[in-house]
Amino acid sequence: MVKITLESGKVMTYDQPVTAAQVARELGDSVLTTACCARINGRAADLRTPLTADCSLAFLTFEDEEGRRTFRHTAAHVLAQAVKRLYPEARLATGPATEDGFFYDFQVPTPFSPEDLENIQAEMERIIAQGESLTAFSLPLEQALSLWEEQGEPYKAQLARRHSAEGELHFYRQGEFTDLCAGPHLLDVSPLKAVKLLHCTGAYWQGDAKNPQLCRVHGTAFPDFPQLEEHERLLEEAKKRDHRRLGRELELFALLDEGPGFPFFLPRGLTLKNTLIQFWRELHAQAGYVEISTPVILNRALWERSGHWDHYRETMYSLQIDEQDYAIKPMSCPGGMLAYGLKPRSYRELPLRVGELGLVHRHELSGTLHGLMRVRCFTQDDAHIFMTKGQVKEEIKGVARLIDQVYTLFGFPYHIELSTRPENAIGSAEDWETATDALRDAVTELGYSYEVNEGDGAFYGPKLDFHLTDCLGRTWQCGTIQLDFQLPQRFSLEYTAPDGSPQRPIMLHRVIFGSIERFLGILIEHFAGAFPTWLAPVQAVVLPISQRHLGYAEQVLASLKSAGIRAELDVRNEKIGYRIRQAQAQKVPYMLVLGDREQESGQVSPRARSGENLPSVPLEGFTASLAKEATLPSFQPMVE
């Protein structure tokens, strides 16, 4: 007897095991045709999965993240099948779903041309029209290796060896095409109504520049063409907002071959970055944080003690100093532990909120680098809160409120994920359960909803991840709150309780921006470079119409600067219309065009970057108004 509990609470009973697809079919054709995969006991699974014991069951459609990934992963298999039909000499690598589509990597003699992509897409459409069913099966390692050797697929053979510890290896077959894959996948390819191949890029095998370069074909897939058309519109808008292009045009930062993954900030970009940091500092001072700075390089023994050497070593840069091993820090936590432990602590000091804008380095694979979004050197807006057990929930709430205020300020909706204990976790199951319950209870009491991301916690504790949504509907994981019982124990941190006994503090790791550089990249694209006035690198540009207006222009510039406004004077020997257009292209919030009338009346004629001509106003009035608009946002943390 198998009892299956659906999301609605309905219980379905079977005398023998059934598959998730059979349950969907019994519930009706609409359920079966829209289901991409299932969620069994909280985990995404294939619709072909046998249900052999009592379980909870939900059906995931294209509207669900895992449903979309299943849908698009199936499209990636169709892409590979089409390529092998048209280009039998192509060698298969990997083809996962991505956040907004899919890709597949191939080794081919020459990269695919736009005409090749058109032919491949046409072949994909023929395969989809045939409605091939997908069949799942497993093979032992030796048979799997034999299969790939017969087919001349060296990359698949490497993957098979890598997963050999799993015992049997999992495959999916559609027609003549077979791929190594754990799934899940659609039952057949017919739901892939709207498929579009986008472009090709180069990619190294396994993201390592030492490995062969492959041809990566990018695509996307939707259940219907209106959704695809809307996606294409958003892609075009994203190209206009690409932070790498805007970074060049607005002279914010540079990405140079001499330092791949290490961005160069130019004067305007550094002003932007420093303004965001100044905002961060003032916000945290208001919220009761103190700030520290810890070394960038610390010895190996420290990283072994913290656990990072065992869990994070492949991403750490290491070096030798005085014949001892050292590492450049990939995060600031261990230095924060040492700072806490420098003197005896009392319960009266807790909660102790310690912020650090830590410069960290991580060895990201070259194939994953992307502008400011994925770099090897960045500033993490880290903070560690040391507290008693009785303070945990309120401190979690305080951080959640702070994140809410910051994201709301920038106009970012967001959702929260609760990530639970991973396989490589350290610490007792009891500590993990206590920490997870505290995070869950805190967000629930604040009235926030959340999703559970099973097994994706940090190795030292569960976490709440905050995923913000930009103006194009893309999501970015930025803020996080991680509850840690382990590092205070590893570093023997203590405080003196009211009764005089030594007690172990509990610690929160938390960031709001995540990475200053990445958050700036998100802001550049979200605002298309037209930042709020308080954040804009240049807030006003003064434009004298002719040389005879230069004296008054300098007076206006001095007035603006004395009020703390970031202003510039453009006296280039160019026509005023050209200089206005240039200032607009630079996304400057205000242009002050000065001619005879303004000079004689002591006024300014502001022009907004939107192109709107604003009424002429006295210089003093405009300066006061702009100074107020240019002031850093300020708010006190909310209280219940």
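Please read these numbers as outputs of a predicted model, since none were measured by experiment. Just so it is clear, the values below take in all heavy atoms, side chains as well, and ignore hydrogens, waters and symmetry mates.
At most 12 heavy atoms of other shown residues, nucleotides or ligands fall within 6.0 angstrom of atom CZ in R348. Under a cut-off of 6.0 angstrom, the local environment of CD in Q547 is sparse, with at most 12 non-hydrogen atoms contributed by other residues, nucleotides or ligands.
Here the CG-CZ distance, from L255 to F262, works out to 12.0 Å after rounding to the nearest 0.5 Å. Atoms CZ and OG1, on R376 and T315 in that order, are 12.0 Å from each other to the nearest 0.5 Å. Rounded to the nearest 0.5 Å, atoms CD1 (I403) and CD1 (I512) are 5.5 Å apart.
The heavy-atom pair separating L272 from F531 by the smallest distance is CD2-CZ, 3.7 Å. In terms of heavy-atom proximity, F386 sits nearest to G336 at CZ-O, 4.0 Å. Between E598 and S616 the shortest heavy-atom distance is OE2-OG, 4.4 Å.
Judged purely by atom type and a 3.5 angstrom limit, H509 has no side-chain atom pairing as donor or acceptor with the backbone of C333. Panel note: side chain E349, backbone S346; a donor-acceptor pair is recorded below 3.5 Å. For Q539 (side chain) and T533 (main-chain N/O), a donor-acceptor pair under 3.5 Å exists by modelled atom type. Not a single donor-acceptor pair under 3.5 Å links the side chain of R607 to the backbone N or O of M591. With hydrogens and angles ignored, the 3.5 Å screen pairs no side-chain donor or acceptor of D325 with any backbone N or O of A327. With hydrogens and angles disregarded, a donor-acceptor distance shorter than 3.5 Å links the side chain of R241 to the backbone of H526. Here the side chain of E517 pairs a donor or acceptor atom with the backbone of T379 at under 3.5 angstrom.
For the pair L520/F513, no side-chain contact is recorded, criterion being any heavy-atom separation below 4.5 Å from C-beta on. When side chains are defined from C-beta on, L252 does not count as touching L246, because their heavy atoms never get closer than 4.5 Å. The closest side-chain heavy-atom distance from S306 to M337 is not below 4.5 Å. Looking at heavy atoms from C-beta onward, L302 lies in side-chain contact with F491 at the 4.5 angstrom threshold. D404 has its side chain out of reach of L446: every pair of non-hydrogen atoms, C-beta onward, lies at least 4.5 Å apart. Under the 4.5 Å side-chain criterion, counting only non-hydrogen atoms from C-beta, L235 is not in contact with K239. In this structure the side chain of V588 never reaches within 4.5 angstrom of the side chain of R609, judged on heavy atoms. Inter-residue side-chain proximity for R510 and D381 is flagged as met; some heavy-atom pair is nearer than 4.5 Å.
A salt bridge links R233 with E230: the closest approach of a Lys/Arg side-chain nitrogen to an acidic carboxylate oxygen falls below 4.0 angstrom.
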| field | Stepwise salt bridge (Lys or Arg N to Asp or Glu O under 4.0 Å) check, E356 with K329 | value | CA-CA 13 Å; E356 178 173 10; K329 68 178 181 182; 3.1 Å; yes
| task | Report the C-alpha distance between H467 and E417 in whole Å, list the side-chain angles of each, state the deciding distance to 0.1 Å, and finish with yes or no for side-chain hydrogen bond (donor to acceptor under 3.5 Å, both in side chains). | result | CA-CA 8 Å; H467 300 258; E417 271 187 354; 3.2 Å; yes
| Would Y289 and I385 count as a side-chain contact (heavy atoms from CB on, under 4.5 Å) if you check the C-alpha gap in whole Å, the side-chain angles of each, and the deciding distance to 0.1 Å? | CA-CA 9 Å; Y289 286 74; I385 302 176; 3.5 Å; yes
| Stepwise side-chain hydrogen bond (donor to acceptor under 3.5 Å, both in side chains) check, E99 with T475 | CA-CA 9 Å; E99 186 174 342; T475 58; 2.8 Å; yes
| field | Residue pair R68, E65: steps toward the salt bridge (Lys or Arg N to Asp or Glu O under 4.0 Å) verdict | value | CA-CA 5 Å; R68 281 193 299 278; E65 181 180 353; 5.5 Å; no
| message | Between L523 and F412, does the side-chain contact (heavy atoms from CB on, under 4.5 Å) criterion hold? Intermediate values first, please. | response | CA-CA 10 Å; L523 289 177; F412 290 126; 3.8 Å; yes
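Ring centroids of W534 and F279 are separated by less than 6.0 Å, placing the two rings close together. If you look at F410 and F519, their ring centroids are closer than 6.0 Å.
Both cation-pi conditions hold for R345 and Y340: the charged atom is under 6.0 angstrom from the six-membered ring centre and inside a 45 degree cone around its axis.
With sequence neighbours excluded, no residue satisfies side chain to side chain donor-acceptor pair (under 3.5 Å) with S419.
Neither side chain, Q599 nor R548, offers a donor N or O lying under 3.5 Å from an acceptor on the other.
A side chain to side chain contact (heavy atoms under 4.5 Å, CB included) with I416 is found for exactly one of L464, I481, D465, L439, namely L464.
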